[in-house]
S.K.: 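Below: one structure in structure tokens.
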Amino acid sequence: MIEKPKLYITRKVPEKILEPFQQDFTISMWKYEEEPVPREVLLKEISDAHGVLCMLSETMDQEIFNTGSSLQVVANLAVGYDNIDLHAAREAGVVVTNTPGVLTESTADLAFSLLLSTARRIVEANQYIKEDKWKQWSPYLLAGMDVHNKTIGIVGMGRIGEAIARRAQGFGMEILYHNRSRKVESEKQIGATYVDFDTLLNKADLVVSVVPATPQTNQMFNKEAFQKMKRSSIFINISRGSVVNENALVEALEMGEISAAGLDVFAEEPIRSDHPLLDKTNVICLPHIGSASTETRSSMLQLCLENISGVIHGTGPITEVK
Ligand code: NAP
């Protein structure tokens with residue numbers, strides 16, 4: 001009897017999603033949903049796996065690709081793939097796939113929720129009432145900043161950046177964006193204006209980071225960048241923590257160089273509980289939940305499984321990282 005290829009999944013995922021793939025693969029997975037697989041278990045499992053479905057919590061490096069001698073494909077449950085050493089994967093002849101597109105709208109929803117919540121002090125207001133501090137109404141009680149008719153500056157006008165811009169259109173916002181290249185079509189459709197990075201920092205009331213983590217974007221939001229922003233501005237980061245110098249962000253908040261921040265991603269995840277960003281009332285921190293709706297996470301898992309199946313059965317992946 002011909003043995004089925006082995007597929008290893010680095011977290012516990014719903015059996016229902018795996019059902020259509022069970023007859024083609026021997027599927028095993030890590031036993032917990034909320035805890036990442038220990039490195040030594042991953043190395044053992046990968047040694048005879050043909051495909052791996054991994055999370056951004058796994059560092060897929062040279063050692064992994066050297067250990068996986070039968071490995072043909074690594075499917076990352078994320079659009080970002082900064083956790084994967086692409087060079088090592090290529091050397092080992094392993095195809096890497098990600099999940100672009102299926103998470104775009106959910107991530108833009110989260111970005112906009114974070115933007116609104118930060119500007120209108122929603123978390124602080126919720127805390128205020130729960131701590132029984134609401135004794136009377138007053139004119140400027142928990143007054144925040146308007147979002148409608150303000151200027152949004154989107155750094156990284158890709159799939160998610162554009163989806164955020166469409167939401168901003170509905171709020172009557174002026175839309176500025178910065179990329180390495182201009183997107184003339186989007187400018188026409190969304191009414192966005194291309195500006196250089198410094199002009200965006202200078203003019204935007206809300207600066208939103210949606211760039212991928214790359215050597216070029218590493219710490220692009222540094223001391224100088226925060227100093228160029230308006231003192232009344234709000235900084236939102238839903239891309240990756242590495243794009244921000246967190247010490248500079250803390251300092252900018254403490255010096256009043258910017259007014260608030262909404263963050264879904266951090267330099268180190270999970271963020272340590274004594275991190276100075278966590279004790280600031282003008283900062284909202286989320287545990288990297290940009291694409292975390294039930295529907296979208298299921299679509300992402302489905303796409304990963306189809307990518308693995310495509311590579312192993314020779315029909316090709318749908319969304320290969322090139
Ligand atoms: P995308 O379509 O590839 O868009 C990325 C954009 O960033 C592109 O328009 C690109 O334009 C621009 N860019 C790249 N390098 C740049 C640089 N050095 N300076 C300025 N702009 C630069 O990707 P996406 O699907 O929108 O996703 C974007 C990122 O969001 C992902 O890489 C991921 O890290 C993050 N993300 C986070 C979550 C979450 O849970 N928080 C969820 C999904 C995605 P040019 O090439 O023209 O520069």
Side-chain angles (χ1 to χ4, degrees), residues 55-57 76-84 86 96-115 117-118 152-168 175-187 189-190 192-201 204 207-222 225 235-244 261-271 284-297 299-301 303-304 318-322:
M55 319 288 133
L56 45 80
S57 44
N76 205 35
L77 189 80
V79 63
Y81 43 84
D82 40 293
N83 56 315
I84 300 178
L86 283 186
V96 174
T97 68
N98 64 344
T99 62
V102 291
L103 47 57
T104 297
E105 300 299 327
S106 302
T107 310
D109 283 348
L110 189 278
F112 226 83
S113 318
L114 190 53
L115 181 151
S117 307
T118 310
I152 188 169
I154 300 173
V155 184
M157 185 73 125
R159 287 170 293 250
I160 300 169
E162 280 189 15
I164 294 170
R166 287 197 305 275
R167 285 154 178 76
I175 303 164
L176 304 179
Y177 80 97
H178 177 69
N179 265 3
R180 286 166 305 177
S181 51
R182 270 184 73 167
K183 298 188 89 176
V184 180
E185 236 357 83
S186 316
E187 288 178 26
Q189 280 167 13
I190 307 171
T193 306
Y194 181 83
V195 287
D196 60 45
F197 187 48
D198 284 358
T199 306
L200 183 145
L201 296 174
V207 175
V208 185
S209 166
V210 209
V211 284
T214 65
Q216 295 81 44
T217 60
N218 191 50
Q219 305 215 348
M220 71 190 286
F221 294 95
N222 54 18
F235 174 66
I236 304 292
N237 185 16
I238 60 110
S239 64
R240 285 290 184 267
S242 63
V243 308
V244 178
L263 311 165
D264 184 43
V265 287
F266 302 91
E268 204 182 300
E269 296 181 2
I271 189 171
I284 296 183
C285 296
L286 302 177
H288 202 147
I289 55 166
S291 62
S293 72
T294 313
E295 300 94 318
T296 293
R297 283 290 154 83
S299 304
M300 290 164 70
L301 281 167
L303 178 54
C304 286
I318 303 165
T319 49
E320 180 175 0
V321 175
K322 293 223 167 108

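Every number for a ligand or one of its atoms is a count from 1 in the order of the listing. Owing to the predicted nature of the structure, the values given are computational and were not obtained by experimental measurement.
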S.K.: Could you verify whether a donor N or O on one side chain and an acceptor N or O on the other, from Ser291 and Thr296, lie under 3.5 Å apart?
M.R.: no
S.K.: Out of Ile238, Asp264, Leu286, whose heavy atom sits nearest atom 38 (C) of ligand 1?
M.R.: Ile238
S.K.: If every non-hydrogen atom of Thr214 is compared with every non-hydrogen atom of Thr217, which pair is closest and at what distance?
M.R.: N-OG1, 2.9 Å
S.K.: At their closest point, which heavy atom of Asn237 faces which heavy atom of Val243, and how far apart are they?
M.R.: ND2-CG2, 3.8 Å
S.K.: Can you report which non-hydrogen protein atom sits closest to atom 28 (C) of ligand 1, along with the distance?
M.R.: Val210 O, 3.2 Å
S.K.: Nearest non-hydrogen contact with atom 11 (O) of ligand 1 belongs to which option: Val265, Leu56, Asn179, Asp82?
M.R.: Asn179
S.K.: State the atoms of ligand 1, each with its element, that fall below the 4.0 Å cut-off from a heavy-atom position in Ser291.
M.R.: 40 (O)
S.K.: Under the side chain to side chain contact (heavy atoms under 4.5 Å, CB included) rule, collect the residues that match up with Ala213, sequence neighbours excluded.
M.R.: Asp82, Arg240, Ser242
S.K.: For Met55 and Asn83, run side chain to side chain contact (heavy atoms under 4.5 Å, CB included): C-alpha distance rounded to whole Å, both residues' side-chain angles, the deciding distance at 0.1 Å, then the answer.
M.R.: CA-CA 9 Å; Met55 319 288 133; Asn83 56 315; over 6 Å; no
S.K.: Taking all heavy atoms of Phe197 and all of His178, pick out the closest pair and write down the distance.
M.R.: N-ND1, 3.5 Å
S.K.: Short N/O distance, under 3.5 Å, between Met220 and ligand 1?
M.R.: no
S.K.: May I have the list of side-chain donor-acceptor pairs in residues 153-160 shorter than 3.5 Å, sequence neighbours left out?
M.R.:
none

S.K.: Look at atom 5 (C) of ligand 1 and find which of Ser106, Ala78, Pro212, Ala292 reaches it with the closest heavy atom.
M.R.: Pro212
S.K.: Could you list which atoms of ligand 1 come closer than 4.0 Å to a heavy atom of His288?
M.R.: 39 (C), 40 (O), 41 (N)
S.K.: Compare every heavy atom of Val207 with every heavy atom of Leu200, then report the nearest pair and how far apart it is.
M.R.: CD2-CG1, 4.1 Å
S.K.: Can you find an N or O of Gly156 that's nearer than 3.5 Å to an N or O of ligand 1?
M.R.: no
S.K.: Distance from Leu286 atom CG to Leu114 atom CG, nearest 0.5 Å?
M.R.: 5.0 Å
S.K.: Can you tell me which residue and heavy atom of the protein come closest to atom 4 (O) of ligand 1, and the distance to 0.1 Å?
M.R.: Gly158 CA, 3.2 Å
S.K.: Quick check: Thr214 and ligand 1, any N/O pair under 3.5 Å apart?
M.R.: no
S.K.: Pick, from Ile160, Leu200, Leu110, Val102, the option with the minimum heavy-atom distance to atom 43 (C) of ligand 1.
M.R.: Ile160
S.K.: Of the non-hydrogen atoms in Tyr177 and Glu187, which two are nearest, and what is the gap between them?
M.R.: OH-OE2, 2.6 Å
S.K.: Looking only at protein heavy atoms, which one is nearest to atom 23 (O) of ligand 1, and what is the separation?
M.R.: Arg159 NH2, 3.4 Å
S.K.: Students should be able to answer this: which protein heavy-atom is nearest to atom 47 (O) of ligand 1, and at what distance?
M.R.: Ser181 OG, 2.3 Å
S.K.: Is the closest N or O pair between Val79 and ligand 1 shorter than 3.5 Å?
M.R.: no
S.K.: Look at atom 22 (C) of ligand 1 and say which protein heavy atom is nearest, naming residue and atom and giving the distance to 0.1 Å.
M.R.: Val211 CG1, 3.6 Å
S.K.: Between atom CD1 of Ile271 and atom NE2 of His288, what is the distance when rounded to the nearest 0.5 Å?
M.R.: 13.0 Å
S.K.: Can you name the nearest heavy-atom pair linking Ile164 to Ala111, along with the distance?
M.R.: CD1-CB, 3.6 Å
S.K.: Between Glu162, Met157, Arg180, flag the one that comes closest to atom 20 (C) of ligand 1 by a heavy atom.
M.R.: Arg180
S.K.: Among all protein heavy atoms, pick out the one at the shortest distance from atom 18 (N) of ligand 1; state its residue, atom name and that distance to 0.1 Å.
M.R.: Thr217 CG2, 3.5 Å
S.K.: Among all protein heavy atoms in this structure, tell me which lies nearest to atom 33 (C) of ligand 1, with the distance rounded to 0.1 Å.
M.R.: Arg240 NH1, 3.8 Å
S.K.: Can you list the ligand 1 atoms lying under 4.0 Å from a non-hydrogen atom of Gln216?
M.R.: 18 (N)
S.K.: For ligand 1, is there an atom lying under 4.0 Å from some heavy atom of Ser239?
M.R.: yes
S.K.: Distance to 0.1 Å, residue and atom name: give those for the protein heavy atom nearest to atom 42 (C) of ligand 1.
M.R.: Thr107 CG2, 3.4 Å
S.K.: What's the separation between atom CG in Leu56 and atom CD1 in Ile84, rounded to the nearest 0.5 Å?
M.R.: 9.5 Å
